[in-house]
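The structure appears right after this line, and notes come after that.
So that the names make sense, note that chain A is the first sequence line, chain B the second, and so on, each numbered from 1. Please read all numbers here as calculations on a predicted model, not as lab measurements.
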2 protein chains.
Amino acid sequence: MGDSPAAERVLRAAVSAFAELGFHGASTREIAARAGMSPAAVYTHFRSKEDLLFGISLDSHEQVLAALHRAAAQGVTPPERMSSIMYEFTLFHARGRAGAWVANNEIAILTAEHARQIKALRRQMMEVVRSVIEAGLRTQDFHTSDPSMTCTALMTLSMNVERWYREDGRWSPEDIATHYRDLALRMLGVTS
Amino acid sequence: MGDSPAAERVLRAAVSAFAELGFHGASTREIAARAGMSPAAVYTHFRSKEDLLFGISLDSHEQVLAALHRAAAQGVTPPERMSSIMYEFTLFHARGRAGAWVANNEIAILTAEHARQIKALRRQMMEVVRSVIEAGLRTQDFHTSDPSMTCTALMTLSMNVERWYREDGRWSPEDIATHYRDLALRMLGVTS
DNA sequence: TGTAAATCTGAACAAGCGCTCAGCGATGAC
DNA sequence: GTCATCGCTGAGCGCTTGTTCAGATTTACA
């Protein structure tokens with residue numbers, strides 16, 4: 001259920017509608033209109049509106065997790081790894097490829113089972129970043145009094161970009177990713 | 001319109017309902033129930049649901065702005081001022097006194113005129129932080145390649161705390177404020 | 001004690017919601 | 001040529017939404 005071209009169109013329509021209007025603010029009629037079909041047609045691809053939100057959320061979380069793993073493998077030393085992670089993670093959210101935060105606020109809307117799955121993926125994302133930070137502490141490249149809180153700060157900082165980024169703004173996604181990469185190293189006490 | 005004790009109760013009920021369920025997710029009946037009155041009674045205090053959101057937003061933005069001004073006056077050197085600002089700003093959001101972000105996402109819901117007022121307040125908040133950063137650059141206490149983006153990063157970092165802070169978590173608001181204060185100085189290139 | 005204002009209620013309005021269903025037209029298999 | 005399958009539609013279901021209104025109750029002051 002939900003990987004034909006038409007289903008893909010519904011998914012994209014829902015991402016933009018949810019991002020713009022919020023879950024409750026985006027009606028199924030609005031989503032259907034953006035996908036260029038009747039409201040009833042949406043239900044041939046998705047069981048319910050909640051199922052649609054879950055589909056988006058699962059999709060984007062899996063993509064982000066994969067990107068994180070790829071980025072972490074991109075360097076050797078912890079600072080290199082962290083640079084790569086922060087750059088890619090920020091880029092992802094600046095490009096709005098995520099729709100990740102859609103479910104971030106609205107995780108409470110999901111079914112208990114669906115919420116469990118998303119939370120598990122989010123824990124894995126956290127784990128990737130955490131492990132690099134701890135490696136850096138051991139090699140004394142990083143210095144922080146509370147690795148866990150710094151980890152939270154780093155990730156939420158990046159994810160938040162999706163909220164304020166404007167395509168017509170003065171910064172490109174790459175500008176932001178570059179700057180945030182530098183900020184991350186500073187936050188971890190790397191003195192260059 | 002809206003400063004009697006009963007109106008205050010409605011305001012608090014709406015803050016919690018909006019924060020928990022989102023603007024569209026929180027019905028006027030739900031808000032009325034939380035305030036301990038009938039749905040119709042809400043409309044003696046507020047013209048509309050949008051007016052209620054605006055009331056909350058205006059209130060919290062004015063409080064945050066005042067706190068920022070107070071904090072900025074708390075130190076002499078730019079690092080001192082910035083420490084104080086970041087601590088207070090973060091504390092405010094961790095304590096959830098804001099309901100600020102409620103309107104942060106949902107500013108699109110507001111009337112054009114109401115949105116203008118909120119945006120103006122937000123610009124003023126930004127200006128307070130910006131001026132301290134620029135003072136620090138002149139005194140060479142701070143070093144950053146893009147003061148404007150660093151300013152955005154600092155503010156969004158703090159504001160985001162309201163999204164993930166849990167009362168039953170391992171960190172107190174003061175813990176977070178203290179850590180974020182240190183992070184802010186690092187992000188601004190202060191070497192201690 | 002009487003009166004005006006402030007505050008609240010129950011009932012109801014039109015409109016919009018998520019979702020279902022019988023049926024339509026095109027496509028491809030036999 | 002027939003028939004099943006698929007993606008889709010228009011109509012409409014039961015329900016909830018924001019909001020209004022006539023009237024009841026409470027409060028404040030003379």
Can a donor-acceptor pair be found, under 3.5 Å and without considering hydrogens, that links the side chain of [X] to the backbone of [Y]?
| X | Y | answer |
| --- | --- | --- |
| A/Ser57 | A/Leu53 | no |
| B/Lys49 | B/Phe23 | yes |
| A/Glu62 | A/Asp59 | no |

Any donor-acceptor N/O pair under 3.5 Å between C/dG16 base and A/Arg29 side chain: no

Between [X] ([atom1]) and [N] ([atom2]), how many Å, whole number?
| X | N | atom1 | atom2 | value |
| --- | --- | --- | --- | --- |
| B/Leu53 | D/dG18 | CG | C1' | 14 Å |
| A/Asp51 | C/dG18 | CG | P | 15 Å |
| A/Phe46 | C/dT20 | CZ | C1' | 18 Å |
| A/Ile31 | C/dG18 | CD1 | P | 7 Å |
| B/Leu21 | D/dT16 | CG | P | 16 Å |

Does a side-chain N-to-carboxylate-O contact under 4.0 Å join A/Glu20 and A/Arg34? yes

When you check the gap from the basic side-chain N to the acidic O, do B/Glu127 and B/Arg122 get nearer than 4.0 Å? no

Any side-chain N or O of [X] less than 4.0 Å from the OP1 or OP2 oxygen of [N]?
| X | N | value |
| --- | --- | --- |
| A/His45 | D/dC8 | yes |
| A/Thr44 | D/dG7 | no |
| B/His24 | C/dC17 | no |

Is [X] touching bases, backbone alone, or none of the nucleic acid, heavy atoms closer than 4.0 Å?
| X | answer |
| --- | --- |
| A/Ser38 | base |
| A/Ala40 | base |
| A/Ala26 | sugar-phosphate |

On DNA chain D, nearest-nucleotide positions of B/Lys49 versus A/Arg9: which is more 5'? A/Arg9

Kindly point out which of [options] is positioned nearest to the side chain of [X]?
| X | options | value |
| --- | --- | --- |
| B/Met37 | C/dT9, D/dC8, D/dG18 | C/dT9 |
| A/Tyr43 | C/dT20, C/dC8, C/dT9 | C/dT20 |
| A/Thr28 | C/dG18, D/dG18, D/dC21 | C/dG18 |

Between B/Val42 and A/Phe23, which is nearer to the 5' end of DNA chain C once each is assigned its nearest nucleotide?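 Going by which nucleotide is closer to the 5' end, it is B/Val42.
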
